[in-house]
Amino acid sequence: MENKPRIDYVIKGISFLLQIGDRVYVGLNSIPGLLGSLMARDYYKKGIRLLGVAEADNPSIDYVTPSTGDPFMSLASPVMITPDSFDLIQKGLIDVIFLGPVQIDKYTNVNLSVIGNYDKPKVRLTGGAATAYVMPLVKKVILWNLKHSKKSLVEKVDFVTGTAWNSDNEVYVVTDLGILHFCRAKKSWEVLAHYDYSSPREIADNTSFEVKYGSPEMISLNEDEENFINKLDPYSLRIQ
């Protein structure tokens, strides 16, 4: 890995999942999602259209700031207000959203609300905002988690903030160990990719629910890709 930050593999993993021409919505506090989208659009030239809480329609971004909702993004781009973006989501016209839940379970449930009992939680989290609304509607849900462990990929979440269980969309989890994909036909998770420092077995051993793996792809990170990420994030916001 040569001391590359693990989060940079998460960013490349996200860009790996984005397809040519995708309409991608980036919510609040989703620096990995934003950087992965910019990598897909500007480094790999996938021609994605970037929307989000900044209400800018496919803005040009030289570097990221602490907020993915930074209003300065809209200064040099058309405006796409949030109600219009959510109208596209409702019509099935947004291809991808990102969420960063603390817990994810085998049923595609996510938890951004509390750890422990809801009435007397051990930790009260930021909350789900529109999670329950958007998860079943977009074509592809990309969940990201920076600490892959049995505490984050759990058998059953403490609280269901949102779910894609009753949808027919694609659901992925990108972590610091690799990428999981939910196979709806089998109602189970499978390892889609691992990194050059991790293994499918390591992913399975650090997940509370069963995951299947055959011969997943391996993702590495070259110097040009690392330089691109560093240039977009000169203040290392992704690591803080």
Side-chain angles (χ1 to χ4, degrees), residues 1-77 80 85 94-102 112 126 129 138 140-148 152 172-180 192-198 219-240:
M1 187 171 59
E2 299 178 354
N3 297 319
K4 298 183 180 77
R6 287 191 171 200
I7 191 173
D8 291 356
Y9 284 83
V10 175
I11 290 164
K12 182 170 179 179
I14 288 171
S15 72
F16 171 82
L17 292 175
L18 298 178
Q19 302 298 315
I20 293 173
D22 276 347
R23 286 178 174 169
V24 179
Y25 188 89
V26 179
L28 279 173
N29 300 320
S30 191
I31 293 289
L34 178 58
L35 288 170
S37 299
L38 293 171
M39 191 174 199
R41 187 189 70 179
D42 300 336
Y43 186 85
Y44 294 115
K45 307 298 182 184
K46 292 188 177 182
I48 68 170
R49 179 181 174 187
L50 184 61
L51 305 169
V53 291
E55 300 195 324
D57 188 345
N58 211 26
S60 296
I61 299 173
D62 295 324
Y63 60 90
V64 297
T65 63
S67 174
T68 53
D70 193 328
F72 290 103
M73 290 186 196
S74 63
L75 291 179
S77 68
M80 172 70 78
S85 292
I94 293 294
D95 297 297
V96 181
I97 61 160
F98 304 104
L99 295 168
V102 172
L112 298 94
T126 55
V138 296
K140 183 186 298 180
V141 180
I142 298 179
L143 310 171
W144 54 269
N145 189 286
L146 304 181
K147 295 181 179 180
H148 191 133
S152 55
Y172 298 87
V173 179
V174 185
T175 77
D176 60 334
L177 293 182
I179 302 174
L180 296 175
L192 183 68
H194 64 99
Y195 305 131
D196 54 18
Y197 61 84
S198 64
I219 294 175
S220 58
L221 193 68
N222 64 42
E223 184 177 354
D224 285 343
E225 293 164 333
E226 182 70 6
N227 289 339
F228 177 83
I229 295 171
N230 285 327
K231 184 178 179 181
L232 275 177
D233 185 22
Y235 304 111
S236 298
L237 297 173
R238 67 195 187 278
I239 301 171
Q240 297 175 13

Can you tell me how far apart [atom1] ([X]) and [atom2] ([Y]) are? Round to the nearest 0.5 Å.
X	Y	atom1	atom2	value
L99	L143	CG	CG	6.0 Å
L237	T68	CG	OG1	11.0 Å
I31	S67	CD1	OG	7.5 Å
D196	I219	CG	CD1	9.5 Å
S15	Y43	OG	OH	10.0 Å
Y197	R6	OH	CZ	4.5 Å

*Can you run down the side chain to side chain donor-acceptor pair (under 3.5 Å) pairs that involve residues 16-32, sequence neighbours left out, and say none if there aren't any?*
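Sorted pair list: S30-W144.
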
_As a quick check of understanding, evaluate side chain to side chain contact (heavy atoms under 4.5 Å, CB included) for L28 and T126, giving each step before the final call._
CA-CA 11 Å; L28 279 173; T126 55; over 6 Å; no

*asked:* Between Y9 and E225, is there a side-chain donor-acceptor contact under 3.5 Å, judged purely by atom types and distance?
replied: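 No pair is found: no donor N or O on one side chain lies under 3.5 Å from an acceptor on the other.
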
Compare every heavy atom of [Y] with every heavy atom of [X], then report the nearest pair and how far apart it is.
X	Y	result
P5	I239	CG-CD1, 3.9 Å
I229	D8	CG2-OD1, 3.7 Å
M80	S85	CG-OG, 3.2 Å
L177	S198	O-OG, 2.6 Å
H148	L180	CE1-CD1, 4.4 Å
L50	S37	CD1-CB, 3.8 Å

Decide yes or no for [X] and [Y]: does some side-chain heavy atom of the first lie under 4.5 Å from some side-chain heavy atom of the second?
X	Y	result
Y44	M39	yes
I61	L34	yes
I97	I142	no
F16	V174	no
L17	L192	yes

Does [Y] offer a backbone N or O that forms a donor-acceptor pair with the side chain of [X] under 3.5 Å?
X	Y	value
T175	N145	no
S74	E55	no
D233	R238	yes

*Would you please test D42 and F228 for side chain to side chain contact (heavy atoms under 4.5 Å, CB included) and show each step?*
CA-CA 9 Å; D42 300 336; F228 177 83; 4.0 Å; yes

*Would D95 and V24 count as a side chain to side chain contact (heavy atoms under 4.5 Å, CB included) if you check the C-alpha gap in whole Å, the side-chain angles of each, and the deciding distance to 0.1 Å?*
CA-CA 6 Å; D95 297 297; V24 179; 5.8 Å; no

*Tell me, with the steps shown, if V64 and L38 meet side chain to side chain contact (heavy atoms under 4.5 Å, CB included).*
CA-CA 10 Å; V64 297; L38 293 171; 4.3 Å; yes

